[in-house]
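Notes for the one structure printed next.
The analysis underlying the following values was restricted to heavy atoms, covering all of them including side chains, and did not include hydrogens, waters or symmetry mates.
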Amino acid sequence: MNNRNNVIAKLGRQNTIRIFEAGAGRLMREIAVNGTVCDNPVCEETSVSVELVSEGKKYRDSFNPITGALKSRELV
């Protein structure tokens, strides 16, 4: 069974990312980000990435959609 794209990421309130189960549409997790979100989150194979501004710099953060843990942060 292919587990790709089984989640949907949407921008939540107060700079959070909401992760929904694609099949049922139920809210699985809400991830608080450190900064101001610039663009809508993007679901990739095993991560959710979002561009944000923090401390005057623009970053792209990648999160694990299941645990909500920050996987990587790169300066854009």
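- By the side-chain hydrogen bond (donor to acceptor under 3.5 Å, both in side chains) test, S72 pairs with no residue at all, sequence neighbours left out.
- Rounding to the nearest 0.5 Å places CD of E74 at 12.0 Å from NZ of K58.
- Legend: residues meeting side-chain hydrogen bond (donor to acceptor under 3.5 Å, both in side chains) with S54, ordered by chain and number and at least two apart, are absent.
- Between Y59 and N34, the closest side-chain pair of non-hydrogen atoms is not below 4.5 Å.
- Surrounding NZ of K71 are more than 12 heavy atoms belonging to other residues, nucleotides or ligands, all under 6.0 Å away.
- Between the NZ atom in K10 and the CG atom in L27 there is a gap of 12.5 Å [rounded to 0.5 Å].
- When side chains are defined from C-beta on, R18 does not count as touching R29, because their heavy atoms never get closer than 4.5 Å.
- Taking 4.5 Å as the limit, every side-chain heavy atom of V50 sits out of range of all side-chain heavy atoms of D39.
- In this structure S62 satisfies the side-chain hydrogen bond (donor to acceptor under 3.5 Å, both in side chains) test with no other residue, sequence neighbours excluded.
- No continuous path of ILVMFWY side-chain contacts below 4.5 Å connects V48 to V53, so the two sit in separate hydrophobic clusters.
- Under the 4.5 Å side-chain contact rule for hydrophobic residues, L70 and V37 share a cluster.
- By the criterion of side-chain heavy atoms lying less than 4.5 angstrom apart, applied directly or through intervening Ile, Leu, Val, Met, Phe, Trp or Tyr residues, V7 is grouped together with L11 in one hydrophobic cluster.
- The CD atom of E30 lies 4.0 Å from the OG1 atom of T16; values are rounded to the nearest 0.5 Å.
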Problem - Residue pair T46, N64: steps toward the side chain to side chain contact (heavy atoms under 4.5 Å, CB included) verdict - result: CA-CA 7 Å; T46 59; N64 181 324; over 6 Å; no
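- With rounding to the nearest 0.5 angstrom, the CD1 atom of I66 is 6.0 Å from the CG atom of N6.
- Two residues are said to be in side-chain contact when any heavy atoms from C-beta on lie closer than 4.5 Å; N40 and E51 fail this criterion.
- A distance of 11.0 Å separates CD1 of I8 from CE of M28, quoted to the nearest 0.5 Å.
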Exercise for the section: Report the C-alpha separation of I31 and I19 in whole Å, then their side-chain angles, then the decisive distance to 0.1 Å, and conclude whether the side chain to side chain contact (heavy atoms under 4.5 Å, CB included) test is met. Expected result: CA-CA 8 Å; I31 303 169; I19 308 296; 4.1 Å; yes
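- A 4.5 Å side-chain heavy-atom check between E44 and S49 finds at least one atom pair inside the cut-off.
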